[in-house]
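So that the names make sense, note that chain A is the first sequence line, chain B the second, and so on, each numbered from 1. These values consider heavy atoms only, across backbone and side chains, with no hydrogens, waters or symmetry-generated copies.
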Amino acid sequence: MRLVTLLAEVDTEKCTGCRTCQKVCPTLAIKVENRKAVVDSEKCRGCNNCEQRCPVYAIKMVKRVNPVRVYVDPSTVDRSEVEALCKKARFNPEQIICYCTETRAEEVAAAILKGADTPEKLSLETGIRTGCKVECIQPILRLLEAAGITPERPDGYQWYGRTPTVWDIPEEIKEKYSHRGFYFDQDIKVLNKVAEGKKSLEEAR
Amino acid sequence: MRKPITPMKPRVSQYGVDPKYVTKRMADYENITSLMLKDLFPDTPDVIFPSDKGVEAIREAAEKALENVDMSMIKPEHSVNICASHHGFTLLGGEPYAELLKTVRDVIARRTGTENIRLRAGVGLRFRETEEYIKSFGLDKYFNGKAKGVAPVDEGIAIETEIGTLYGIKAIYDADWIVHVHNSDVREVHFHRQVDRAVKPFGMSYARIETRSTYHQNLGPRGANFTARAIFNSDFVQKKFAFTVFLNMSPAGVVSVDADNNLYALNDRLTVDGCKYYGKIMTLLGEIDECIVGLDFPCPVPYVFAAGVIYANFTGANVDLFDLDGPLPPYTWYTEAFYGKDGKPLIDNVPPVNPAIKMVVHNYAWGGYPSAFFSNHCPTIVVGREQADLLNRDPQNLQYMEHAVIADNLDAAMEFAYRVAKTDKVIIFDGAVGGINVSTSLAKLLLEKAPIVSKRVDEELLPKWLKQRGINPDILK
Ligand code: SF4
Ligand code: SF4
């Protein structure tokens, strides 16, 4: 769930049409048209990315008169499908996957099951990746992959690709570095326990 | 009773309130005293900064450390990126780190003949933070306009590693050579667990969002920092890496400047020093039985400092964060993720947030880092409507104020805190240099416990921590 209270506003006097904002917007809400950036207020999720990266400080965040609440209610889709999708991506459905918006895996899974098939649509519909814009791209890509979806990359820097997980690390790499203080197998136990539900952590010591 | 140490001044920043709103500091109260680290732990190392010499001591130490570094690979026609991070500027007012960056630039220019030396300064989650530091420390002028703040959402570059493809920030690597200039302050022990501390920026402030998300979501609470090692080990980075220079930090200040062509050799030295210098004070803070916490420093909530330790580490001080046998710290993003909708952990045995924290008085701390976990788990009073408004406007803190109350001023906040928390012990995270500002009651407790903690760390904990990191404890002899 995300309450959107802000809106990006472009100072067209300052804007040089460089497209930086367009390349970093997680919901594709800002586009350069006729050499000036234009914000689609319906799609802007108030994340500040454009404002923080515009090289000439042409963007200001303004308060929305009517804040918008975005949320995909997981109870509106089949629970077993939500659980299966989360499990495949190795998440507990209740696990938080976006710390800024407290978005849980089940909400993103539900949005995917309802048809959102890109990180951008997921950001638009759930608000995920509109806080810090950094930490939650991998859970998004993992859940999409678990649903058998290979999203097309937008023509910007929004995201490049899914990266390895701890389950993907080859045995020889684990062995090579475990004496340096990297506890890969023990971490796998912790993460598996979370994905599986309420279990003791003791075994992961 | 020692007078309080002067707290770090508020800083003008888009991420915090205007300093004019910080009208009173927690250290201003009569019952607040200070303890110097040397008084708590007589083996606290001597420091070169702060000292009478000022930042000149940093320049001298850096020049000396660089004498043993090979720069012959850098030719006069080559470009060099000096890679930096925001974090260094939050230490001791920022001047020592700024001076180190300037010195490294000067030495490279003098020894190699190149003038194409750029500063590339990465950030945490406040994308313009280093831009602010670059301006306030005059680094843009010093680097002849070639100083740039870079962010994890900027254009990326794929890096093939031994675990698969990860992504770096293109501008970090757009030179013939890179020089890694950082500091050894342990800071986020809850995240990196003091494993490969010196390598971390390759997986963090020099990295794209995909990599940072790998660190915090795809690996695990004890393996996360491997992301950094994977990137640093890649052929791509190895071909560009020239050398590294670090401020070797202790909670009391800058101990020395260390430099090396081999990052892992420097990493091993600083792993030992970090455990040694920070282990005692972190363990001691874990002995506090009850307290009111004051946040009073120009940084986001988890990063405010007391005795060189950040508040995020204090929220986990009920657990030994250096001990790798512990699967989960009380605070880390993995831990935060594992709390379900009913507010309870999804698995058993998740250590609670430090139960000694009875109340938090947020007198001055910034937004720009997802901090709702802290106000959700510790009763919090925010001083001043302006600060509450700032947090409410921050996309990373939309829920922070849902769990906090607002006081008009610090006096009202303290009165409420004493009444509700029912303790007179106060610890202030205000960046006091060389020591810590605490209430007289807490000072008494810390002085009593310090010798016991010191012995335990020396004899039991430090050897264990080193062994867990593949370092022979005999190195201490
Ligand atoms: S980043 Fe700034 S200057 Fe560039 S197009 Fe967007 S608003 Fe205009
Ligand atoms: S969603 Fe973010 S990046 Fe996109 S227009 Fe709105 S504030 Fe700017």
With only heavy atoms counted, which part of A/Y177 is less than 4.5 Å from chain B, the side chain, the backbone, both or neither? side chain
So, does B/Q217 use its side chain to make a donor-acceptor pair with the main chain of A/I97 at under 3.5 Å? yes
Check each atom of A/L6 against the heavy atoms of chain B and say whether the ones under 4.5 Å are side chain, backbone, both or neither. side chain
Between the main-chain N or O of B/F127 and the side-chain N or O of A/R53, is there a donor-acceptor pair closer than 3.5 Å? yes
Scan side-chain atoms only and decide if A/Q52 and B/Q14 contain a donor-acceptor pair under the 3.5 Å cut-off. yes
Which atoms of A/K174 are under 4.5 Å from chain B, going by heavy atoms: the side chain, the backbone, both sets, or neither? neither
Min side-chain heavy-atom separation B/I163-A/D168 under 4.5 Å: no
Is it true that the NZ or CZ of B/R128 lies under 6.0 Å from the centre of A/Y57's six-membered ring and within 45 degrees of the ring axis? yes
Would you find a donor on one side and an acceptor on the other, under 3.5 Å apart, between the side chain of A/Y160 and the backbone of B/G156? yes
Enumerate by number any residue of residues 200-207 of chain B whose heavy atoms lie under 4.5 Å from heavy atoms of chain A; in the absence of such residues, state 'none'. none
Could you go through A/E135 and B/L125, starting from their C-alpha distance and side-chain angles, then the distance that decides it, and tell me whether this counts as side chain to side chain contact (heavy atoms under 4.5 Å, CB included)? CA-CA 10 Å; A/E135 310 299 348; B/L125 298 173; 3.7 Å; yes
The test is side chain to side chain contact (heavy atoms under 4.5 Å, CB included); show your working for A/K133 and B/I209 and say whether it passes. CA-CA 8 Å; A/K133 293 81 71 181; B/I209 61 167; 5.9 Å; no
Please find the pair of heavy atoms, one from A/N92 and one from B/L346, that lie closest to each other, and give the distance. CG-CD1, 3.8 Å
Ignoring hydrogens and geometry beyond distance, is a side-chain donor-acceptor pair present between B/N218 and A/R142 at under 3.5 Å? yes
Under 30°, 30 to 60°, or over 60°: which ring-plane class applies to A/F182 and B/F226, parallel, tilted or perpendicular? perpendicular
With no hydrogens and no angle check, is any side-chain donor or acceptor of B/R393 less than 3.5 Å from a backbone partner on A/M61? yes
Name the region of A/T101, side chain, backbone, both or neither, that has any atom closer than 4.5 Å to a heavy atom of chain B. backbone
At a 4.5 Å cut-off on heavy atoms, which part of A/E106 comes close to chain B: side chain, backbone, both, or neither? side chain
Against chain B, label A/C47 side chain, backbone, both or neither, depending on which of its atoms sit under 4.5 Å from a heavy atom there. backbone
Measure from the side-chain N and O atoms of B/S213 to the backbone N and O of A/Q138, and report whether any donor-acceptor pair falls under 3.5 Å. yes
A/R45 versus chain B, the contacting section by heavy-atom distance below 4.5 Å: neither
Heavy-atom cut-off 4.5 Å, strictly under: side chain, backbone, both or neither for A/Y183 against chain B? both
